[in-house]
Amino acid sequence: MGFDFQFYLLDIDSDTDNIRIFGFTKERRRVILIDKNFHPYFYILPNSDAIVLAENIKSFSTIDDKGNNVAVKDVQIVNKKIRDDITKLVKVIVSKPGDVQLLRREIAKLPGVNSCEEYDIRFYRRYLVDKGIVPLSLCKARGELIKQEADVDIIELEYLELIDSEPISDLKIIAFDIETLCAKTTPNPKQDTIILASVYGKDLRKVLTWKRFGNAPNYVQFVDGELELLEELKKTILQQKPDVIVGYGSDNFDLPFLVERAKKYGVSLNIGFDGSEIDINHRGITSAKIKGLQHLDISHFARNILDLNVDRFKLDSVAQEILGKGKLFKLNPEKINEIWEVALNEELQSLAEYNLVDSQLAYELCLKLLPTQLQLVKLIGLPLADINRMSYGQLVEWFLIRNSKTSNLMIPKKPSSSEIYARQLNTYFGGFVLEPIPGFYQNVAVFDFRSLYPSIIASHNVSPEKINCECCKLHGGMDAGNEVFFCSKKQGFIPGLVQDVIDRRNRISAILEQTSPEDPAFQELKARRYALKTIANSTYGYLGFPGSRWYSLESAKAITALGRKYIQLVIKEAELFGFKSLYGDTDSLFVLVGDKKPEDIKQFLGIINSVLPKPMELEYRDFYPAALFIETKSGGRGAKKRYALLTKNGGLILKGVEAIRGDWSALAKKAQKTAIELILKEGGPQGAALFIKELIEKVKIRKVALEDLSISVRLTKATSAYAAKSPHVAAAELAEKKGYSVKAGFAVSYIITNGTGKISERVKLSEDATIEDYDIEYYVEHQIMRAVYKLFEMFNYPTEKLKGGQTTLGEGWN
DNA sequence: GGCTCCCGGGG
DNA sequence: GTGTACGGGAGCC
């Protein structure tokens, strides 16, 4: 007879036979729970009598490639919903997770078998779904203590139940980072050495290093060599007993590197709960697991889920974007070697600090992102480390899998690679775009649909199993065009879930409106809303994603078709109401306000929303005093997704304008941005023209900052691999001659110098250039003018005048 | 144009 | 191991 206890599940896996749960009690005692009563299974869809087939399968056994007998453990007849039909299935229960693939392949050959189902669900995930357990949420359990160790109780589980679905947020987190020496190429653990390692936590700052230097800060701990560094790092982690270990790029770099170096010295990095080694998984996505706790490589979540305005997902830029601060300083890999060799006190000191700050950034990123990740854990029910590495599609997929249990729905299989390939050939239309007439406009209102695609899914019952149902054939379902309709009698699986997510999100929004940002609940509520939004907004994409289990081309097509229908309806109604439509894209419409009053706008929304099916809703997004729609490069037409807006409080919104990105000099970017801003604020080109004229004057008399002239480009390959010698390649060759290790990814910064001949023959590295070097004509013509001429052409302003006014055109312009 | 190959992050 | 990422950009023909 066991004892009752409560605990939080942190990690879960299976050994060859059983599920193992790693967690901690309310008193923070670590526990390992072994569940011997949960067996792997899959389903057989019969094409004849299920009872006869079940009897047949029950006695089935085969021999594996090691000569062992592998038998079916038990069978059951169960009813499950396949698409929309209750179907009799044979549930085949087997002894070990490893038996599933062999038995399903062999049983598939038996007569009377139509297909095998649900054999492609990882065992520990199956367990969580079937038991309804949510990681990090309080569970009650009963079990028998089978072994008590200093750090952990090992319990054989008899009973398990979730009692609170709110994940615990009080987790012990430590971040870590290593620095290594490296020869010319990327660091290689076979030859390169770890010289520093840092850990950072709530009350923890430590840098381990094996070259002594004076005036070391108190967080520095000297060790005798790399071996001792590894041992000390291991000791620190074991002492700290973290729930979460976080790094940046640690799946691919830090942990594999540590493991490889430890192997060289014969050191065992057995820091798992159960004394197991770090497990570097090279199948699929490389991930490093530390058994019993959660290793997070926060770069995955930054890349996959967060919508960040960065061009590369480096720790520095991601931290800058999320935390508003970056690395301590920019450090070339070559410099690390140099610092280590020369070994000046001051430089070693700053290297140690650099190393600590990297850990600190990973730690703070984790703290900042954890509330959202925990809400996704709650919603989807998979371990934190899994959620951290998932893409949108996987989040939706597992949200659906978790919820298929309550609907007794059979989980569709993952498509085969040939199926994925076939699906990829299908293309379909996306959102509707109303092209803008290029030009300057004043008093612009923007309407947009609140969650257009999720609200279409919910309102039109868009679900694969509800397409062209028998029950609505005569009396009409929800028409989606293309001879497709969706059932109007019974809510589908996906619309039901999406409607629920929308409702919950709306409720949280309402609460948030009443909550002050200083309220401790505020961030928590925002995280909840963000998690719900992420799932809702990804569902449309998931239905059209070729790798999806619930792939439905017809559903995806219907969603965009309905989206086009509704935005076009809004455009038509807006015109009827007396608005002039300027620009629309998928779910938004820009209109001229004209003589319309706020109450007219309200009335218009009322008219539209009274005809929209719930939960579809058009909202008044914002008002802009001025807007500029920019011409396409070829001219004549308004470019899609390229415009500038002036906000009520004088702010500037730039969308798709080329100078805000790409390989332009800061000079050109500033010129374009300021010109746009002046045009928007003044309603005409005069001020902007004056500004550009003055800027060009400054360029001509060399009164500009050298760094504004630098053009930075990142190499995509070695210089020798480029066929054409473009300026950045020429610049990279100069860097190579200076002894830089120039390879793919190298960022080269150069200016264009005086002289004649090709541009590529006139490059100079920014670091070698002086203010006398740059070519005035190039920076005026190819940087400033190229960035701004379209803006002036829109007003028929003679662009020649900007450069000194040697023109007779454009009388009246000054 | 397609099709294939390679890369990301890390030092 | 209830398996074999993924999406985009550049190079190649």
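Please read these numbers as outputs of a predicted model, since none were measured by experiment. Residue numbering restarts at 1 for every chain, and letters A, B, ... go by the order of the sequence lines.
Applying the 4.0 Å criterion to OP1 and OP2 of B:dG10, one finds that A:Lys327 has every side-chain N and O outside that range. Put simply, A:Asn281 has a side-chain N or O that comes within less than 4.0 Å of OP1 or OP2 on C:dG1. An OP1 or OP2 oxygen of C:dG3 is reached within less than 4.0 angstrom by no side-chain nitrogen or oxygen of A:Lys413.
A:Arg389 and A:Asp251 are joined by a salt bridge, as a carboxylate oxygen and a charged side-chain nitrogen come within less than 4.0 angstrom of each other. Salt bridge A:Asp13/A:Arg20: present, at least one basic N to carboxylate O contact under 4.0 Å.
For A:Glu179, the listed nucleotide lying nearest its side chain is B:dG11; candidates were B:dG11, C:dT2, B:dG8. The side chain of A:Phe313 has B:dG9 as its nearest neighbour among B:dG9, B:dG11, C:dG1. Closest to the side chain of A:Arg126, out of B:dG10, B:dG9, C:dT2, is C:dT2. Taking every side-chain heavy atom of A:Arg122 into account, C:dT2 is the closest of B:dG11, B:dG9, C:dT2. The side chain of A:Arg303 lies closest to B:dG8 when the candidates are B:dG10, B:dG8, C:dG1. Of all nucleotides listed (C:dG7, C:dT2, B:dG8), C:dG7 comes nearest to the side chain of A:Phe545. Checked against B:dG10, C:dT4, C:dT2, the side chain of A:Tyr248 finds its nearest nucleotide in B:dG10.
Listed by chain and number, the residues in a ring-ring contact (aromatic ring centres under 6.0 Å, His included) with A:Tyr551 amount to none (sequence neighbours excluded). Legend: residues meeting side chain to side chain contact (heavy atoms under 4.5 Å, CB included) with A:Glu106, ordered by chain and number and at least two apart, are A:Phe60, A:Thr62, A:Leu102, A:Lys109.
The residue A:Phe257 sits apart from the nucleic acid: no heavy atom pair falls under 4.0 Å. If you check every strand for non-hydrogen atoms under 4.0 Å, A:Leu315 touches sugar and phosphate atoms only.
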